[in-house]
Every structure is written in structure tokens, then in C-alpha cells.
Amino acid sequence: MTHDVCIIGAGWSGLTAASELASVGLDVVVVEKARGPGGRCATRRQDGFAFDHGGQYFTARSPEFAAQTELWKSAGLVSAWTPQISVFGERPDVVGRSPAERLVATPGMNAVLKSMASSLDCRFGWRAAELAYEHERWRVRRDQEDDWIEAGSLLVTAPPQQSADLLSDVSALATTIGAVPMNPCWAVMLGFDAPLNSRFDAAFDNEGPLSWMARNSSKPGRSGEAWILHASAEWSRTHLEREEGWVVRELLNAFRQRVPVALATPPALSRAHRWRYALAPKPLAQDCLIDSSNRLTVAGDWCAGNRIEGAWISGKAAAEQILRWHGSSAH
């Protein structure tokens, strides 16, 4: 069986595109190496705690995305988050005022994506290992198995280096994609048995190893005293291959300098997660990349601005291009 479209990646770009294409009748299959949807908008639950350890919140700047977020609000999937925020050090990279509204998915940052995925043909635990284009169709092979998916069009939404590796033998786009750098980020998750008496719910830190810390339980729909720490890109890059326990100790010590009450309160749970591809320092200034010679599109937040809104815009743009290719067959 040949599908109309195969999409690699069940994050914001991939599922946005899949939803658009499926809504007009195209046969779409989404493959994702993880056990569920979300990409970097992940939520980890353990021992009664919940941690949004990737994307922290999002904003709506364009009228189109703002209208979409209102629909998600009405469906109970998105709420406004109004944390008490502190800033340590100066923020020379930020110009202008704070966003009018910080938005979070509820009850976890992957809630919108789980909702999208529920009505799509998504195959989780399915890592794409090899691509081939022949006889005007794509063939995508599953890692370590002789399991192939065939499709008329292909959308790749993996991080740039992974996308470039997959496409190196089948598209000239691989060179452009592979040149997009991505900063890493170490994330630490801390769960406490009792609330910490902190003067802030979230903070930007520009003076030490941390870049961000947030009381995850201050977001709507969460419970338990759960904190997320994100290390700076520079610190994460320097210590990228360190062991989890070492990273937890170092960043917990930095957190205790900002929240001294934590000195006397050891966490009941402490874990670290390494995001190798967190943010593009210089995202491409185009919504998606297109190779019309073989009906290939590539999308991601690193195309359209690093934000969740950028990933959504990129996925929409990719879907529009794919619809142009399949216009006569959409029903």
C-alpha cells in the first residue's frame, strides 16, 4: 500500500501538517521514534510528579495562531499561565516588553499534540533509518527491521542534523539543513515533598550555569511541588557528555543559590534529561524547505523562529506545499 504522505516526527510541525492534510482526505502516516507525541514539548510523570522538561510555554503573535489558540482554550487544552517572574542579571538578547500572555497546554505541554495524534495514523517507537526515492514514490525503512512505508510525498521534521543525515543521499537540501546549528540544553527535574517558599514561580538567569528555572506546579492543571531547571547553552555544550548524577548535583547547587530554602530541603526526586538539539541560535528565515523534484518538504521550529508558533507555522507551510502536489487527489 502506498500512502499519500509520510511524515517523520510527531512534534508540533509534523502533527500540525498531518492534521491539515488528513482533514482534506489525504492518507497520511506519521512515524515517531519516541513512545508518544510531543517532541521537545514533552511531559514526564514519575512518583506523583509531572515535569514539562522541554518547551516551557508559548506565545501567540500572529493572528492565525492566536485564533487557533482560542480554539484550544475552548477545548480545555490550553490555558494562560501568569507566574511571578524574576530576572537575574541583564537580558541583552531580549528587546521589548514581556509577552501579553504566556500560554501552556493542560495538563501537560504535550496535551495539544496528544489530542492531534489521537485522530491520526501515528506509529510510535518507529525510527526512520533509511530513505529512498524511486518510481515517483518514497520508501522509508524502519531501523533494524525490513519494514518499509511507501508514500507519494515525504515531510521530515527531525532536528537539522538528523534530517540532514537521513536525506544525505536523496536530496540536495541535506547540505543546507546540515549547516543549521542547534544548541543543546541540559534539563533537571526536581520534585519536593512540600512547597518551597520561593519569591518567584519562574526566573531567567543570565549570571551562572542556569538560564531558566520554573515551578512547574504553578502552571494550570498541575500539582505537586515540581521544578524544572534549564542550563545555559554554553554550560550544556561544555558538559554535554557528563553523567546525569553529576549534572543534577551541579544544577541543584546553582538552584539553591537562587532559592536558599532548598538548601535544607533535599528533593524527593531528581532527574536530568539531555536535549542535544534544543534551539537554533540562527534559525532559517523561511517557513519550510522544499525539493519539488521528489515531493520532499522539511519543516521545524528551526525554520521559522525557534518558538512553538514557529513550528506550527512551518508545519502549516509544509502542508500547503504538499496539498499543491496532491491537489487533484485530495477529496
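Treat the numbers as computed from the prediction; the structure is a model and nothing was measured.
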Asn306 side chain vs Trp302 backbone, donor-acceptor pair below 3.5 Å: no
Spacing of Leu289 atom CG and Leu173 atom CG [to the nearest 0.5 Å]: 5.5 Å
Minimal non-hydrogen separation, Ala318 against Ala299, with atom names: CB-CB, 4.2 Å
Non-hydrogen atoms of Leu166 and Leu131 that approach each other most closely: O-CD1, 3.6 Å
Qualifying residues under side chain to side chain donor-acceptor pair (under 3.5 Å), relative to Thr16, sequence neighbours excluded: none
Ser171 and Asp291 side chains, donor-acceptor separation under 3.5 Å: yes
Exercise: do Asp287 and Ser314 side chains pair donor with acceptor under 3.5 Å: no
Sidechain-backbone polar pair: Glu150 side chain, His3 backbone, donor-acceptor under 3.5 Å: no
Common cluster, Met213/Phe51, ILVMFWY with side-chain heavy-atom separation under 4.5 Å: no
Side chains of residues 122-130: which donor-acceptor pairs under 3.5 Å do they make with residues two or more places apart or in other chains?
| from | atom 1 | to | atom 2 | distance (Å) |
| --- | --- | --- | --- | --- |
| Arg123 | NE | Asp121 | OD1 | 3.2 |
| Arg123 | NH2 | Asp121 | OD2 | 3.0 |
| Trp126 | NE1 | Asp147 | OD2 | 3.4 |
| Glu130 | OE1 | Arg141 | NE | 2.8 |

Heavy-atom side-chain proximity of Arg139 to Cys6 below 4.5 angstrom: no
Close side-chain approach of Ile177 and Leu167, heavy atoms under 4.5 Å: yes
Neighbour count above 12 (heavy atom, 6.0 Å) for Glu136 CD: no
Check: Ile228 main-chain N/O paired with Asn216 side-chain donor or acceptor under 3.5 Å: no
Any Ser232 side-chain heavy atom under 4.5 Å of Leu210 side chain: no
Pairs where residues 176-194 contributes a residue and the test side-chain hydrogen bond (donor to acceptor under 3.5 Å, both in side chains) is met, not counting sequence neighbours: Asn183-Arg237
ILVMFWY network linking Trp312 to Val112, side-chain heavy atoms under 4.5 angstrom: yes
Donor-acceptor contact present, side-chain Ser217 to main-chain Gly224, <3.5 Å: yes
Atom pair CG/CZ of Leu155 and Arg295 - distance to nearest 0.5 Å: 14.0 Å
Check: Arg222 side chain, Pro220 main-chain N or O, donor-acceptor pair, under 3.5 Å: yes
Atom pairs and distances, side-chain donor-acceptor, residues 261-271, under 3.5 Å, sequence neighbours left out:
| from | atom 1 | to | atom 2 | distance (Å) |
| --- | --- | --- | --- | --- |
| Thr265 | OG1 | Val261 | O | 3.3 |
| Arg271 | NE | Glu244 | OE2 | 2.8 |
| Arg271 | NH1 | Gln46 | OE1 | 3.2 |

Where at least one partner belongs to residues 240-265, residue pairs that pass ring-ring contact (aromatic ring centres under 6.0 Å, His included), sequence neighbours excluded: Trp227-Phe255, Trp235-Trp246, His239-Trp246
Least distance between heavy atoms, Ala22 atom then Leu120 atom: CB-CD2, 3.7 Å
Table please: side-chain donor-acceptor pairs of residues 77-85 below 3.5 Å, with sequence neighbours left out.
| from | atom 1 | to | atom 2 | distance (Å) |
| --- | --- | --- | --- | --- |
| Trp81 | NE1 | Ser218 | O | 3.4 |
| Trp81 | NE1 | Ser218 | OG | 3.1 |

Residue pair Glu309, Thr59: steps toward the side chain to side chain donor-acceptor pair (under 3.5 Å) verdict: CA-CA 7 Å; Glu309 181 172 4; Thr59 57; 4.7 Å; no
Partners passing side chain to side chain contact (heavy atoms under 4.5 Å, CB included) against Glu320 (at least two apart in sequence or in another chain): Arg324
Non-hydrogen side-chain atoms of Val104 and Asp52 separated by less than 4.5 Å: no
Qualifying residues under ring-ring contact (aromatic ring centres under 6.0 Å, His included), relative to His273, sequence neighbours excluded: His53, Trp275
Side chain proximity check, Met182 to Gln161, heavy atoms < 4.5 angstrom: no
Transitive ILVMFWY cluster of Leu279, excluding itself - 4.5 Å side-chain cut-off: none
Backbone N/O of Ala42 and side chain of Asn110: donor-acceptor pair under 3.5 Å: no
Partners meeting side chain to side chain donor-acceptor pair (under 3.5 Å) with Glu20 (sequence neighbours left out): Lys316
Minimum heavy-atom distance Ser236-Pro184, with the two atoms named: CB-O, 3.6 Å
Distance in Å, Ile313 CD1 paired with Ser62 OG, rounded so as to fall on 0.5 Å steps: 4.5 Å
Parallel, tilted or perpendicular: rings of Phe200 and Phe88 (30°, 60°): perpendicular
Atom pair CG (Asp4) and CG (Leu26), whose distance is rounded to the nearest 0.5 Å: 5.0 Å
Distance-only side-chain donor-acceptor flag, Trp212 / Gln56, under 3.5 Å: yes
Minimum side-chain heavy-atom gap Leu15-Pro37 below 4.5 Å: yes
Candidate pair Arg258 and Glu207, rule salt bridge (Lys or Arg N to Asp or Glu O under 4.0 Å), full reasoning: CA-CA 11 Å; Arg258 301 307 191 196; Glu207 297 179 328; 3.1 Å; yes
Thr43 (side chain) donor-acceptor with Met109 (main chain) under 3.5 angstrom: yes
Non-hydrogen side-chain atoms of Asp205 and Ser211 separated by less than 4.5 Å: no
By side chain to side chain contact (heavy atoms under 4.5 Å, CB included) - contacts of Glu70 (at least two apart): Lys73
Evaluation steps, salt bridge (Lys or Arg N to Asp or Glu O under 4.0 Å), between Asp301 and Arg307: CA-CA 6 Å; Asp301 60 351; Arg307 296 170 292 112; over 6 Å; no
Gap between atom OH of Tyr133 and atom CG of Asn294 - 0.5 Å precision: 5.5 Å
Donor-acceptor contact below 3.5 Å, side chain Arg215 vs main chain Leu196: yes
Heavy-atom check, side chain of Leu154 versus side chain of Ile8, under 4.5 Å: yes
Non-hydrogen atoms of Thr2 and Gly152 that approach each other most closely: CG2-N, 4.1 Å
Donor-acceptor contact below 3.5 Å, side chain Ser115 vs main chain Ala111: no
Distance-minimising heavy-atom pair for Val30 and Gly9: CG1-O, 3.7 Å
Spacing of Leu103 atom CG and Thr69 atom OG1 [to the nearest 0.5 Å]: 5.5 Å
Gln144 atom CD, neighbour heavy-atom count above 12 within 6.0 Å: no
Residues, nucleotides or ligands: over 12 heavy atoms within 6.0 Å of Asp165 CG: yes
Hydrophobic cluster (4.5 angstrom, side-chain heavy atoms) - remaining members for Leu71: none
